[in-house]
Amino acid sequence: AGSDVVLAGHADTVTSVQWGGRNGSNASAFSISELLASASADGSVRLWDLRAARAYSVLRAAGFEGPLHAVDLDDSVVVAGGRDKALLVW
């Protein structure tokens, strides 16, 4: 049996989580299946390295203030959205 892992780092409520478990791999040192993306009311998206149980990257949009409510990722793009009716793409 595996052990529980706690991924901590957001400054506010986690509002959305998306596992990267799809076919393919991204350009980083990780395969997409080893990444988890989380969006938060703190206005950030974190990409988590599931092997190391730590944040691999913290994404924020310049000038964006407000909570994010949805996140998705694929091989090369991360998309998040919030109440301001805008989508953020990295």
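Only a predicted model underlies this, so the values are computations on that prediction, with no experimental measurement involved. If you read the sequence from its start, that first residue is 1, and numbering goes on from there.
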- Item | Heavy-atom donor-acceptor pair, S44 side chain to L59 backbone, under 3.5 Å |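 A pair under 3.5 Å: no.
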- Message: I need the minimum non-hydrogen distance between A70 and A39, along with the two atoms involved.
- Response: O-CB, 4.2 Å
- S40 to H10 - nearest heavy-atom pair and separation: CB-ND1, 3.1 Å
Does [X] belong to the same Ile/Leu/Val/Met/Phe/Trp/Tyr cluster as [Y], with side-chain heavy atoms less than 4.5 Å apart forming each link?
| X | Y | result |
| --- | --- | --- |
| V5 | W48 | yes |
| Y56 | L88 | yes |
| V58 | W90 | no |
| V79 | L36 | no |
| V89 | V45 | no |

[atom2] on [Y] to [atom1] on [X], rounded to 0.5 Å:
| X | Y | atom1 | atom2 | result |
| --- | --- | --- | --- | --- |
| Q18 | L47 | CD | CG | 11.5 Å |
| R83 | L68 | CZ | CG | 10.5 Å |
| R46 | L35 | CZ | CG | 14.5 Å |

- Is there a side-chain contact between T15 and V71 (heavy atoms, below 4.5 Å)?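 Side chain of T15 against side chain of V71, heavy atoms only: no contact under 4.5 Å found.
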